[in-house]
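These notes concern the structure reproduced below.
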Amino acid sequence: MHVAGTLELATTVQNGVDQNASKAMQRITLEVREAKRVQILSEYRFRVFYPLVVSGVYDRFQEDSARYVEFVQGDARGAPSANGNLLWRKTDSGEARILAQDLDLLSVSQTSPRSITLTIEVRRQAGRRAGVTRLTNRVLYLRNS
């Protein structure tokens, strides 16, 4: 019985980090694909700028520099920190929400003016059991750049 409970805990922990990491990667991927430009502020913090919308018409050739979404590895207050364990999604309007908990790593780098590489690692410890998921999207294209 003890072995079954231990295996169940290990599976539960791993499933949790898998879901946490994959949902965060999926959300960021959707945002970046719609981007006109990505501005990397640090290895663990970046902004996504979108095309301009004029009179309800989407103009993929012009950037709306006032409208952005920022992804940040940070602490409980949302302050950027390479040691923070939360992945935040912040907007230019000041709205902020947590996309992932137990974040161990958010790493972003520009591979070309039209693409980035993104890595997310989520780690959770439950007793002696640990779950770790590391996802890397090697070439993430900005379709509007």
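Summarising the geometry, atom OG1 belonging to Thr119 is positioned 9.0 Å from atom CD belonging to Glu43; distances are rounded to the nearest 0.5 Å. Separating the CD atom in Glu31 from the CD atom in Glu70 is a distance of 12.5 Å, to the nearest 0.5 Å. In this structure, the separation between CG on Asn137 and OG1 on Thr117 is 8.0 Å, given to the nearest 0.5 Å. Here the CG-CD distance, from Leu52 to Glu63, works out to 9.5 Å after rounding to the nearest 0.5 Å. To the nearest 0.5 Å, atom CG of residue Leu87 and atom CD of residue Gln101 are 10.5 Å apart. Residue Arg114 holds its CZ atom at 8.5 Å from NZ of Lys36, rounded to the nearest 0.5 Å.
Considering Thr133, Asp104, Asn85, Asp102 as possible partners of Arg124, the one that fulfils the side-chain hydrogen bond (donor to acceptor under 3.5 Å, both in side chains) test is Asp102.
Checked by atom type and distance alone, the side chain of Ser55 never pairs as donor or acceptor with a backbone atom of Val57 at under 3.5 Å. A distance-only check finds no donor-acceptor pair linking the side chain of Trp88 to the backbone of Ala76 [under 3.5 Å]. At least one donor-acceptor pair closer than 3.5 Å links the side chain of Gln73 to the backbone N or O of Leu106. A distance-only check finds no donor-acceptor pair linking the side chain of Arg47 to the backbone of Asp92 [under 3.5 Å].
You'll find the side chain of Tyr50 stays beyond 4.5 Å of the side chain of Asn144, heavy atoms only. A heavy-atom distance below 4.5 Å is not found between the side chains of Phe46 and Leu41. Under the 4.5 Å side-chain criterion, counting only non-hydrogen atoms from C-beta, Leu30 is not in contact with Glu34. You'll find the side chain of Asp64 stays beyond 4.5 Å of the side chain of Val53, heavy atoms only. For the pair Phe71/Arg89, a side-chain contact is recorded, criterion being any heavy-atom separation below 4.5 Å from C-beta on. In this structure the side chain of Glu95 never reaches within 4.5 angstrom of the side chain of Lys90, judged on heavy atoms. Side-chain contact between Val132 and Val17 is absent, with no heavy-atom pair separated by less than 4.5 Å. Proximity of Ile28 to Leu118: side-chain heavy atoms (C-beta onward) are separated by under 4.5 Å at one or more points.
Taken together through direct or relayed side-chain contacts under 4.5 Å among Ile, Leu, Val, Met, Phe, Trp and Tyr, Leu99 and Val122 form part of one hydrophobic cluster. Hydrophobic clustering (ILVMFWY, side-chain heavy atoms < 4.5 Å, transitive): Tyr68 and Val32 are in distinct clusters. Linking Ile, Leu, Val, Met, Phe, Trp and Tyr whenever their side-chain heavy atoms come within less than 4.5 Å puts Ile116 and Leu135 in one cluster. Hydrophobic clustering of Ile, Leu, Val, Met, Phe, Trp and Tyr side chains at less than 4.5 Å, counting indirect connections, unites Met25 with Leu103. Cluster annotation: Ile40 and Leu142 are assigned to the same hydrophobic cluster (Ile/Leu/Val/Met/Phe/Trp/Tyr, side-chain heavy-atom contacts under 4.5 Å, transitive).
The shortest non-hydrogen separation linking Arg60 to Pro51 is CA-CB, 3.7 Å.
The local environment of OH in Tyr58 is crowded, with over 12 non-hydrogen atoms from other residues, nucleotides or ligands closer than 6.0 Å.
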